[in-house]
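Contents: one structure, followed by commentary.
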Amino acid sequence: MYKSENLKLLNFLLILFLFILPITLLLSSELVRATVIGANKGVINFRNVLKNGYAQELVTLTTDTDFNLSVTYKVEGELADWVRVEPPQQPFFISKDKPNVVAIIVEPPGDAKNQHYTGSIRFLTGALAGPEGQFGTAVRAAINIRLGVDITGQEIVSCRAGGFQIEDVEEGYPLEFYALVTNNGNVRIKPEFILEFWNQDQSELVETFRFTINESILPTVQKRVFYSLEHDLDIGQYWVRIRTPLCGDAGSGFITVSVIERGGVSDKGELIRIENEPWVRVGDIVPIDAVFKNLGTRVVSAKFKGTISSGDEIFKIIDTDPLDVMPGEIVKLRTYFNPVQEGQYMIKGRVLYNKKLTFEKSSVLNVNPSGKPTPAKKIEWGGVLIILLVIIVILIILILRRKKRFTKHIKRVKI
């Protein structure tokens with residue numbers, strides 16, 4: 001009697017447990033899912049790091065909560081003593097609208113062996129709390145980032161430079177040069193820059209500046225650098241060819257800058273593209289548009305200057321009538337071309353606006369009797385099918401002959 005009652009009670013408790021368990025798991029999973037911490041990297045491998053060297057990686061931590069969520073971190077593994085986080089303060093706070101970027105930095109000691117080391121860094125939230133109070137101390141979210149470090153004894157010098165910028169400047173004031181340099185090697189660098197200033201039509205080298213930045217750039221770090229250049233350049237527009245010998249081909253660029261009179265206004269404009277029909281017929285009147293945007297703060301007078309050529313032969317010199325362009329306005333500076341022979345033509349040019357030139361742009365014009373792209377050669381599928389059928393028939397004949405020979409052989413063996 002008691003056994004049956006106990007059995008019923010146990011069955012009841014088991015059913016109740018099985019009923020409550022999924023509800024509890026569902027509620028807890030919904031709570032955890034409602035607050036998720038994420039990172040833009042799950043694995044970080046630092047390669048070719050020198051002893052007593054430096055390497056870093058930026059990690060962005062995010063969450064989907066509307067409120068501030070506290071985050072702490074812990075480094076584990078055989079490289080734990082080499083790793084630090086910047087900024088170092090704990091805890092820090094993140095929310096849906098305010099992610100946080102931290103630098104994970106590795107600085108191996110001088111007695112580290114040349115081998116691969118592993119570890120991890122775990123970011124853990126505090127007790128999840130919402131606008132109406134704390135959810136509970138047991139509910140937390142975490143994310144683990146695996147770390148790997150390869151120690152080497154070989155020094156590597158590698159870099160990339162770009163983002164070159166020199167603002168237009170009034171006469172008598174220094175030029176302000178900016179660049180973005182990325183150190184891809186494993187040693188500190190202080191790259192040298194060479195700036196060649198050419199006149200407006202790029203026919204004469206006017207001045208050359210050479211300088212080295214004042215601060216070293218650590219390995220794996222990207223840094224925006226600045227240098228002030230004293231000069232005696234005359235008023236006018238210049239084209240500047242920039243080289244960074246230490247970075248090789250990954251450290252060159254080409255920009256334009258102007259020296260303006262004191263109290264003057266710096267005009268800025270951009271030739272966005274050259275528009276034309278790609279395929280036309282011989283004798284067609286072809287409109288060609290230079291799409292120009294006034295990026296400055298005053299009205300400019302703009303016109304399109306360029307050439308239309310085929311090979312080494314120039315068929316037309318382009319020089320449109322000037323057009324007034326309002327600040328922020330985009331206009332089309334139109335010219336026309338009447339091709340008299342078939343072939344491919346190259347349209348190249350710049351926009352001259354208030355005595356300044358834009359960068360050169362180009363487009364291609366194809367001329368043939370139909371005015372349409374030349375059709376690709378069609379595959380003669382009929383001939384292909386016939387060949388395939390012949391091959392299949394030959395294969396069938398060979399298979400039947402081999403089968404017949406095999407049958408005869410079997411009969412002889414039986415006899």
Side-chain angles (χ1 to χ4, degrees), residues 163-178 197-204 206-207 231 233-242 253-280 284-310 314-339 345-365 367:
F164 302 119
Q165 181 182 357
I166 304 177
E167 293 293 336
D168 292 347
V169 65
E170 292 184 11
E171 184 183 22
Y173 287 88
L175 294 164
E176 296 183 347
F177 172 77
Y178 296 90
F197 281 71
W198 293 75
N199 61 357
Q200 189 180 56
D201 59 7
Q202 300 175 37
S203 62
E204 180 184 352
V206 177
E207 187 69 77
H231 69 94
L233 296 170
D234 295 331
I235 293 173
Q237 182 187 15
Y238 298 90
W239 295 92
V240 187
R241 191 180 304 279
I242 303 168
F254 200 64
I255 61 174
T256 183
V257 64
S258 293
V259 177
I260 58 178
E261 60 187 13
R262 297 203 176 197
V265 178
S266 176
D267 296 313
K268 292 183 180 295
E270 179 188 5
L271 173 54
I272 300 173
R273 61 185 175 274
I274 297 175
E275 293 181 343
N276 58 269
E277 289 291 335
W279 293 88
V280 298
D284 283 351
I285 305 297
V286 184
I288 299 169
D289 293 318
V291 183
F292 171 78
K293 183 175 183 179
N294 182 0
L295 301 173
T297 58
R298 65 175 180 177
V299 177
V300 298
S301 177
K303 64 177 182 176
F304 180 40
K305 298 173 69 69
T307 60
I308 301 176
S309 60
S310 180
I314 296 176
F315 286 82
K316 181 176 181 179
I317 302 294
I318 302 173
D319 192 354
T320 66
D321 293 330
L323 181 67
D324 288 340
V325 186
M326 301 293 291
E329 185 180 8
I330 298 176
V331 299
K332 292 184 178 182
L333 305 171
R334 174 163 289 190
T335 188
Y336 294 93
F337 179 53
N338 177 221
Y345 297 82
M346 180 65 68
I347 305 166
K348 295 192 297 185
R350 305 168 183 257
V351 171
L352 176 66
Y353 62 102
N354 285 14
K355 299 182 180 180
K356 293 182 69 174
L357 285 170
T358 65
F359 281 92
E360 185 178 77
K361 291 291 177 72
S362 63
S363 69
V364 175
L365 177 68
V367 181

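Numbering starts at 1 and runs along the sequence shown.
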Subject >> L323 and F292, any side-chain heavy atoms less than 4.5 Å apart >> reply: no

Original post:
Just how far is it from atom OG1 of T320 to atom NZ of K305, taken to the nearest 0.5 Å?
Top reply: 8.5 Å

**OP:** Specify the closest pair of heavy atoms between A302 and V351, including all atoms of both residues, with the distance to one decimal.
**Re:** CB-CG1, 3.8 Å

Subject >> Steps toward side-chain contact (heavy atoms from CB on, under 4.5 Å) verdict (K303, D319) >> reply: CA-CA 7 Å; K303 64 177 182 176; D319 192 354; 3.4 Å; yes

**OP:** Test S301 against N354 for side-chain contact (heavy atoms from CB on, under 4.5 Å), laying out the working first.
**Re:** CA-CA 6 Å; S301 177; N354 285 14; 3.9 Å; yes

**OP:** Let me see the working for V259 and D168 under side-chain contact (heavy atoms from CB on, under 4.5 Å), right down to the final yes or no.
**Re:** CA-CA 6 Å; V259 177; D168 292 347; over 6 Å; no

Original post:
Do you know which two heavy atoms are closest between G269 and T358, and how far apart they sit?
Top reply: O-CG2, 4.0 Å

**OP:** Working to the nearest 0.5 Å, report the span between NZ of K293 and OH of Y353.
**Re:** 13.0 Å

Original post:
Distance-only, no hydrogens or angles: does the Q237 side chain make a donor-acceptor pair with backbone N or O of L357 under 3.5 Å?
Top reply: yes

Original post:
In Å and rounded to the nearest 0.5 Å, what is the CG to NZ distance from D267 to K355?
Top reply: 11.0 Å

Original post:
What is the ring orientation for F315 with F337, classed by angle as parallel under 30°, tilted 30 to 60°, or perpendicular over 60°?
Top reply: perpendicular

Original post:
How long is the gap from NZ on K361 to CD1 on I347, to the nearest 0.5 Å?
Top reply: 14.5 Å

**OP:** Inspect the surroundings of CZ in F359 and state if more than 12 heavy atoms from other residues, nucleotides or ligands are less than 6.0 Å away.
**Re:** yes

Original post:
Is the backbone of Q200 close enough, under 3.5 Å, to the side chain of W239 for a donor and an acceptor to pair up by distance?
Top reply: yes

Subject >> Reported CD-to-CD1 distance for the pair E275 and I288, which is rounded to 0.5 angstrom >> reply: 11.5 Å

Original post:
Does the side chain of T256 come under 3.5 Å of the side chain of K356 through a donor N or O and an acceptor N or O?
Top reply: no

Original post:
If we only count heavy atoms from C-beta on, is the I166 to F197 side-chain gap below 4.5 Å?
Top reply: yes

Subject >> Distance-minimising heavy-atom pair for R350 and F304 >> reply: O-CD1, 3.2 Å

Original post:
For the side chain of H231 and the backbone of Y173, is there at least one donor-acceptor N/O pair under 3.5 Å apart?
Top reply: yes

Subject >> Neighbour count above 12 (heavy atom, 6.0 Å) for E277 CD >> reply: no

**OP:** Return the set of residues passing salt bridge (charged side-chain N to carboxylate O under 4.0 Å, His left out) with R334 (not counting sequence neighbours), or none when no residue passes.
**Re:** D289

Original post:
Looking at E171 and R262, what are the two nearest heavy atoms and their distance?
Top reply: O-NE, 3.1 Å

Subject >> Min side-chain heavy-atom separation P327-V299 under 4.5 Å >> reply: yes

Subject >> Shortest non-hydrogen contact from K348 toward M346 >> reply: CG-CG, 3.6 Å

Original post:
side-chain contact (heavy atoms from CB on, under 4.5 Å) between L175 and L233: does it pass, once the steps are laid out?
Top reply: CA-CA 10 Å; L175 294 164; L233 296 170; 4.0 Å; yes

Original post:
Has the side chain of D284 got a donor or acceptor atom that lies under 3.5 Å from a matching backbone atom of V286?
Top reply: no

Original post:
How far does CZ of F164 sit from CD1 of I255, to the nearest 0.5 angstrom?
Top reply: 8.0 Å

Subject >> Any side-chain heavy-atom pair of I330 and I272 under 4.5 Å >> reply: yes

Original post:
Taking the side chain as C-beta and beyond, is there a heavy-atom pair between Y345 and K316 under 4.5 Å?
Top reply: no

